[in-house]
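These notes concern the structure reproduced below.
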Amino acid sequence: QVDESKEVESIVPSYACQRRTTLENHNTVFTDALSLLAENAELSDEDGRGVAFRRAAAMLKALHSPVTDLLQLRGLPCLGGHSLRVIKDVLENGASSEVEFTKQSERFKALKVLTGIFGVGAKTAERWIREGIHSLQQLQDSAHTLNRAQQAGLEHYDDLNQPVTKAEGDAIGEIVAKAVMSVLPGAQITLIGGFRRGKLTGHDVDFLITHPEEGREVGLMPKVVSWLESKGFLLYQKTTRNSYLESKDGPARPSSNMDRFERCFSIFKLPEDEKQGTKQTETLTDTCSLTTPSLVKDEGSESTKRANLKPWRAVRVDLVVSPISQFAFALLGWTGSKLFERELRRWAGHEKAMSLSSHALYDNTQSKYLRASSEEEIFAHLGLEYIPPSERNA
Ligand code: 8DG
Ligand code: MN
Ligand code: MN
């Protein structure tokens, strides 16, 4: 028999935002399996199932020791029947048959390849697969016209599917800082997303930009983008205005800051020498030529890497501009993880009758917005213990 008191946490809170989840994961064998099923569900328009798997995985990530027996899971939250079956299969057979089956399915493989293109979501990939397109080559051979984002995504496919390192993130941070300081001295830049949580690699680099004087940030994004473009640092960019109005997760927004919240989805051209700290920004546009995309084989990365002599690499970068009055909400909302954010909003709504967004916190009981100038204050408003970024890796 198992001595449960020794091996399991006696109380694990059910919302991820009530738990401390570091990057130290003692249960990767289970969380990898559940994450793959979550991904498959999300790619198959089954978001409900996806969230259930994500919640189960996140709960296991918060445990302080490896699960070695199903009995240890008694009393733990977030484990539905399906997730339990997967865990049981892994415990008994070393792997989940459902996971192995999914991994090998042509559909899943095609969905992965196609959604691996920046600008291609599950819906588009699904449509292409129904037309028999399973590979990049088949996509290129097809008559489909791709939008600007997808063209860039296809062109830089290999680079964008190679994880971004913290060093590369820092190098991009220096470039962004230089751009921002050139167009608005006194503005502040904060690294957000996975790198703020202490991750060593990521799929992109995320930055939040603000200015300590309310209103000075207005119109900043186009200027930053122009500066970056003029120096040859951007391979692609799409700047969008605040979409707060359309968002489903926020309350009706105050009209004053309507179009002050801008973001830019971009692909940076990071010079190799910039990564090593030598600055040659002025000559970038002259020295870098476009390379041909390496799409002949889906898995031709080894040969293409060797043939890849270009002195730069493409990196996905997200920029967000926020007025200082919303900075704490933007910071909390863009630090992630995605599940941590989702759980914060669920907690706010279900447990506190509040609506949390990256702009504001609205108290439905008092019918008023709750101000905050730090993440700590937002946690306090929500009646939650403060969880630092490094422990939001749910
Ligand atoms: P990674 O890039 O290291 O792989 O992971 P990440 O940094 O955690 O993920 P991300 O996809 O870059 O997203 C970072 C955070 O930004 C995440 O918490 C979710 C949040 N976020 C988006 N899109 C949007 C959006 O449209 N609105 C708001 N408010 N937040 C968003 O990714
Ligand atoms: Mn990120
Ligand atoms: Mn991002």
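Order of listing sets the numbers, starting from 1, for every ligand and every atom in it. Owing to the predicted nature of the structure, the values given are computational and were not obtained by experimental measurement. Along the sequence shown, residues are numbered consecutively beginning with 1.
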Regarding [X] and [Y], do their side chains bring together a donor and an acceptor under 3.5 Å, going by distance alone?
{"X": "Glu131", "Y": "His144", "result": "yes"}
{"X": "Arg55", "Y": "Ser83", "result": "no"}
{"X": "Thr190", "Y": "Gln188", "result": "no"}
{"X": "His359", "Y": "Gln326", "result": "yes"}
{"X": "Tyr236", "Y": "Glu155", "result": "no"}

Thr210 side chain to Ser322 backbone, donor-acceptor under 3.5 Å: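 Confirmed, Thr210 side chain pairs with Ser322 backbone.
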
Under 4.0 Å from a heavy atom of [X]: give me the atoms of ligand 1 that qualify, with their elements.
{"X": "Gly193", "answer": "7 (O)"}
{"X": "Gly336", "answer": "18 (O)"}
{"X": "Ser358", "answer": "28 (C), 29 (N)"}
{"X": "Gly333", "answer": "18 (O), 20 (C), 30 (N)"}
{"X": "Arg197", "answer": "8 (O)"}
{"X": "Lys199", "answer": "1 (P), 3 (O), 4 (O), 5 (O)"}
{"X": "Asp206", "answer": "7 (O), 12 (O)"}

For [atom], the option (of [options]) bearing the nearest heavy atom:
{"atom": "atom 28 (C) of ligand 1", "options": "Phe265, Phe340, Trp334", "result": "Trp334"}
{"atom": "atom 12 (O) of ligand 1", "options": "Asp204, Thr201, Ile192", "result": "Asp204"}
{"atom": "atom 11 (O) of ligand 1", "options": "His359, Lys338, Arg263", "result": "Lys338"}

In the structure I gave you, are the side-chain heavy atoms of Glu343 and Trp347 within less than 4.5 Å of one another anywhere? no

Lys223 NZ/CZ over Trp227 ring centroid, <6.0 Å and within 45° of normal: no

Measuring from the Mn ion (ligand 3), name the closest N, O or S atom belonging to Asp318.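 In Asp318, the N, O or S atom with the shortest distance to the Mn ion (ligand 3) is OD2.
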
Side chain, backbone, both or neither: which part of His203 has a heavy atom under 4.0 Å from ligand 1? both

Can you tell me if CG on Leu200 sees more than 12 non-hydrogen neighbours from other groups inside 6.0 Å? no

Got an N/O contact under 3.5 Å between Gly194 and ligand 1? yes

Closest N/O/S atom of Asp206 to the Mn ion (ligand 2), by atom name?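 Of all N, O or S atoms belonging to Asp206, OD2 is the one nearest the Mn ion (ligand 2).
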
Check Asp204 and report its N/O/S atom nearest to the Mn ion (ligand 2), by atom name.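 Distance check against the Mn ion (ligand 2) picks out OD1 in Asp204.
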
Name the orientation class of the two ring planes belonging to Phe379 and Phe340 (parallel below 30°, tilted from 30 to 60°, perpendicular beyond 60°). tilted

